[in-house]
Amino acid sequence: MKKNYPILIILLLGLLVGFFTFDQYGESWDDKSLQKYSVKSINAYATWTQQGVVSLEQDDLGNYGPFYVMLVERVTQFLSPLLPYRLPDLRHLIYFITYIAGVLAFYALAKRWLSEIPAIGATLLFMTQPLLWGHAFINPKDTPFLVFFLLSLVFGFKMMDSIKPISSIPLIPSAKRTLALLTALWLVSVFSLFFFTQAFHNYITNLVISAQSGGTNIITLIAKHITTVSSDVYVQRYFLLFLQARTYYFLLITALLLFIWYRLQPNLLKLLIAVFPSAILLGLTTSTRILGPFAGLIVVYFALRTKGRQAIPALAIYAVIAMMAMYLTWPYLWVDPVGHFFDSLGTMSLYPWGGLVLFNGVKYTSSTLPYSYLPVLFAIQLTEPVWALSIVGWVVTIASGVRHLRRTPYRPDVFSGVQVNGKRGLVELSLLWFVIPFIGFVIMRLALYDNFRQVLFILPPIFLMAGVAFEKIKNIKWQIALVILCLFPGIAGIVSLHPYEYIYYNRFIGGMDGAQGRFETDYWVTSYREAAGYVNSIAPPNAAIWVEGPAHLFAIFAREDLKIYSWHEAERADRYEYVITTTRYDFDKTSYPEAEIVHRIMRGDALLAVIKKP
């Protein structure tokens with residue numbers, strides 16, 4: 001425990017900073033829609049069991065995994081009576097605590113390949129990136145997915161470490177057949193009953209309609225008033241009966257299978273228990289974003305590479321439990337699991353969005369971005385030392401790996417220690433997790449917007465490689481000195497931009513001054529909180545306020561007597577005391593262009609929002 005004191009102290013200090021600042025961040029543009037989606041998803045647990053209905057469509061954001069936003073909604077409602085903060089602020093606190101959990105997961109991953117101080121250095125460099133620090137408070141989806149991805153890898157690798165050859169108990173042929181047949185029956189019957197839910201619903205519907213039309217089937221035998229009662233009533237009744245019977249069957253056959261495993265092959269049951277936590281986490285990661293299985297694929301690759309065929313039973317259990325966890329926490333899938341899952345995969349892989357993206361002074365659609373989009377943003381939105389350290393780490397790792405391979409043969413069974421034939425395991429992880437996806441995103445020109453927040457989850461390997469550069473310095477004092485020196489740009493960015501750290505640009509383009517007008521800054525319009533604070537202090541009672549763009553981000557923090565108008569409502573006032581505009585989409589230039597600007601919200605020379613007096 002003592003060796004973990006430094007990282008625990010660091011995390012505690014990070015939490016303290018977060019606790020003192022979490023109520024200073026504005027609401028993000030997407031928060032409201034995701035909050036509505038979380039409530040609908042939570043309500044689905046009642047409507048599905050009571051009515052056999054899930055009132056979720058693609059327009060309700062059904063393609064988005066709801067687990068994390070449902071969790072936040074539940075925790076927020078629990079904390080609301082206990083803590084004197086607005087609901088948005090409580091959500092920001094939960095987002096930040098989640099981020100700190102991700103920092104701890106990053107450290108656990110770094111310790112697999114790095115010694116203590118380099119691992120802490122890499123973790124601090126990761127933790128103090130202004131881009132990530134800002135998103136940690138306001139982002140309800142991308143940063144949490146990054147965290148769950150990290151947790152899935154950490155727990156997945158621990159599961160892999162625990163895999164040992166299963167010592168089978170000799171069984172007579174009849175016992176082997178019983179075990180195999182029951183396992184196959186469980187897989188086929190359970191997956192069929194759940195995967196083909198829509199088919200069963202259609203079958204029940206056809207039976208009811210046929211019975212009402214005078215046909216003879218099982219419905220005519222059990223439904224006395226089939227011709228006088230609406231078909232919808234009977235469809236709902238018998239579909240609910242199917243759902244209940246399916247649940248009881250699942251519980252019964254699962255209990256029977258576990259009992260048979262325990263009696264005939266108890267080691268399989270032990271394996272299931274060892275796999276269970278990591279599989280649940282993978283399922284929850286997938287139910288947070290559809291790309292979650294990518295973490296599972298990385299775990300599968302390393303498990304097969306290091307354990308070979310003996311990992312197959314564990315990986316099979318891993319996949320099945322992960323799918324179950326995903327299904328249980330994603331109500332949109334319940335009606336048609338296979339169809340809705342692949343619809344979500346196809347839709348979300350394109351990141352659908354109809355707006356324009358500002359990149360290097362030019363506006364593009366999200367699907368026609370230049371090839372330089374991601375490389376440039378990666379270069380200018382992380383602090384200056386990051387890429388220098390990461391490149392050094394790559395060079396050192398590859399060079400030492402080549403020397404090592406010349407001296408000794410590669411041992412694929414050694415993975416879980418700090419050193420893996422130099423750093424070959426880390427190189428492979430970085431290739432799978434960062435290099436290949438990065439090249440794929442660039443070449444395929446997948447639709448991106450809001451800079452690159454959708455792909456934050458591929459960033460950690462950059463910092464792991466930076467840790468290798470720290471480790472190359474053998475003198476501990478110089479290691480510590482370099483770590484401290486490399487943290488300065490990030491900490492300075494956090495302090496100077498607060499509470500808009502997520503708009504950070506480094507000195508490669510001149511900081512925020514150089515980004516103004518060339519790149520997206522406050523694209524989530526969190527500056528409307530500060531605008532509301534200013535207007536609250538100067539506006540007369542019952543003043544009419546025009547808010548350009550997402551008015552709800554202003555209204556949350558505005559005085560109750562103020563009358564808020566925006567393009568979302570048909571009603572208009574005769575005149576407005578003040579006009580609030582964001583600089584995104586040049587609204588500050590097109591909305592009431594002749595009005596006097598009485599207040600500007602800025603960071604450096606970057607203008608985020610303006611308050612005008614018509």
Side-chain angles (χ1 to χ4, degrees), residues 21-32 88-89 92 130-139 355-361 363 377 380-381 449-453 492-507 509-539 545-558 564 566-567 578-593 595-613:
T21 59
F22 75 92
D23 59 346
Q24 298 169 16
Y25 291 83
E27 185 90 333
S28 70
W29 200 321
D30 290 355
D31 241 331
K32 184 177 181 179
D89 292 331
H92 295 165
L131 174 73
L132 296 177
W133 186 270
H135 274 288
F137 288 94
I138 64 172
N139 195 323
L356 294 176
V357 179
L358 177 63
F359 176 71
N360 204 18
K363 293 179 180 178
L377 288 177
I380 64 179
Q381 283 213 280
Y449 53 94
D450 295 348
N451 289 346
F452 60 88
R453 63 173 178 81
I494 289 172
V495 172
S496 63
L497 293 175
H498 178 78
Y500 311 113
E501 299 92 339
Y502 85 108
I503 69 174
Y504 174 83
Y505 290 89
N506 62 36
R507 293 295 172 184
I509 62 160
M512 293 307 305
D513 301 350
Q516 175 69 13
R518 293 176 57 197
F519 297 94
E520 302 280 9
T521 53
D522 187 21
Y523 50 78
W524 264 347
V525 200
T526 60
S527 53
Y528 272 11
R529 178 172 192 158
E530 187 175 339
Y534 178 81
V535 172
N536 288 344
S537 67
I538 63 169
I545 311 295
W546 177 263
V547 181
E548 198 72 32
H552 63 282
L553 303 183
F554 179 91
I556 293 172
F557 305 104
I564 313 299
S566 74
W567 59 18
Y578 294 98
V579 172
I580 318 300
T581 70
T582 174
T583 55
R584 193 176 195 190
Y585 307 124
D586 294 326
F587 284 158
D588 59 314
K589 300 174 183 176
T590 59
S591 180
Y592 290 83
E596 176 191 2
I597 297 176
V598 297
H599 186 70
R600 293 175 172 86
I601 298 173
M602 306 179 71
R603 287 300 181 270
D605 286 340
L607 183 63
L608 308 182
V610 298
I611 294 95
K612 299 180 179 181
K613 181 76 173 174

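Just so it is clear, the model here is predicted, and its values are computed rather than measured.
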Subject >> Note, Phe359 side chain near Leu377 side chain (heavy atom, < 4.5 Å) >> reply: yes
Original post:
Is it the case that Tyr502 and Asp450 place a side-chain donor and acceptor less than 3.5 Å from each other?
Top reply: no
Original post:
Do you know which two heavy atoms are closest between Ala531 and Ile580, and how far apart they sit?
Top reply: CB-CG2, 3.9 Å
Original post:
Between Arg518 and Asp513, is a salt bridge (charged side-chain N to carboxylate O under 4.0 Å, His left out) present by the stated rule, with each step listed?
Top reply: CA-CA 10 Å; Arg518 293 176 57 197; Asp513 301 350; over 6 Å; no
Original post:
Could you give the distance from OH (Tyr592) to NZ (Lys612), rounded to the nearest 0.5 Å?
Top reply: 10.0 Å
Subject >> Trp546 to Ser566 - nearest heavy-atom pair and separation >> reply: CH2-C, 3.3 Å
**OP:** Go through the side-chain N and O atoms of Thr581 and Glu548 and say whether any donor and acceptor fall under 3.5 Å apart.
**Re:** no
Subject >> CG on Leu131 to OH on Tyr504, rounded to 0.5 Å >> reply: 10.0 Å
**OP:** Any chance you could measure Ser527, atom OG, to Arg600, atom CZ, to the nearest 0.5 Å?
**Re:** 14.0 Å
Subject >> Asp30 and Arg453 ion-paired at < 4.0 Å >> reply: yes
Original post:
Between Phe519 and Asn360, what is the shortest heavy-atom contact and its length?
Top reply: CE2-N, 3.4 Å
Subject >> Side-chain donor/acceptor of Arg584 to backbone N/O of Tyr523, under 3.5 Å >> reply: yes
**OP:** Answer yes or no on whether Lys613 is positioned over the face of Tyr578, meaning its NZ or CZ is under 6.0 Å from the six-membered ring centre and within 45° of the axis.
**Re:** yes
Subject >> Any Ile601 side-chain heavy atom under 4.5 Å of Tyr528 side chain >> reply: no
**OP:** Of all the heavy-atom pairs spanning Thr526 and Ser28, show the shortest one and how long it is.
**Re:** CG2-CA, 4.2 Å
Original post:
Can you tell me how far NE2 of His135 sits from CD of Glu501, rounded to the nearest 0.5 angstrom?
Top reply: 10.5 Å
Subject >> CG on Leu608 to OG1 on Thr521, rounded to 0.5 Å >> reply: 5.5 Å
**OP:** Take Glu27 and His92 through the test side-chain contact (heavy atoms from CB on, under 4.5 Å) and record every step on the way to the result.
**Re:** CA-CA 9 Å; Glu27 185 90 333; His92 295 165; 3.7 Å; yes
Original post:
Which one of Asp31, Asp89, Asp23 satisfies the salt bridge (charged side-chain N to carboxylate O under 4.0 Å, His left out) criterion with Arg529?
Top reply: Asp89
Original post:
Between Ser591 (side chain) and Phe587 (backbone), is there a donor-acceptor pair under 3.5 Å?
Top reply: no
Subject >> Step-by-step side-chain contact (heavy atoms from CB on, under 4.5 Å) determination, Asp586 to Lys363 >> reply: CA-CA 11 Å; Asp586 294 326; Lys363 293 179 180 178; 3.0 Å; yes
Original post:
With no hydrogens and no angle check, do the side chains of Asn506 and Gln381 hold a donor and an acceptor under 3.5 Å apart?
Top reply: no
Original post:
Side chain of Gln516, backbone of Leu607: donor and acceptor closer than 3.5 Å?
Top reply: yes
Subject >> Check: Thr583 side chain, Asp588 main-chain N or O, donor-acceptor pair, under 3.5 Å >> reply: no
Original post:
Between Ala555 and Ile564, what is the shortest heavy-atom contact and its length?
Top reply: CB-CG1, 4.3 Å
Original post:
Are Ile545 and Val535 side-chain neighbours, meaning at least one heavy-atom pair lies under 4.5 Å?
Top reply: yes
Original post:
Is the Trp524 to Tyr25 ring centre distance short of 6.0 Å?
Top reply: no
Original post:
So, the side chain of Arg603 versus the backbone of His498: is there a donor-acceptor pair under 3.5 Å, distance only?
Top reply: yes
**OP:** Take Glu530 and Tyr500 through the test side chain to side chain donor-acceptor pair (under 3.5 Å) and record every step on the way to the result.
**Re:** CA-CA 11 Å; Glu530 187 175 339; Tyr500 311 113; 2.6 Å; yes
Subject >> Centroid-centroid distance, His552 to Trp29, less than 6.0 Å >> reply: no
Original post:
If we ignore angles and hydrogens, is there a donor and acceptor under 3.5 Å between the side chains of Tyr505 and Glu520?
Top reply: no
Original post:
Which atom names give the shortest non-hydrogen contact between Ile538 and Tyr534, and what distance separates them?
Top reply: CD1-CE2, 3.1 Å
**OP:** Check whether any side-chain N or O of Asp522 sits under 3.5 Å from a backbone N or O of Val525 as a donor-acceptor pair, and report yes or no.
**Re:** yes
Original post:
Can the ring centroids of Phe22 and Phe137 be said to lie less than 6.0 angstrom from one another?
Top reply: no
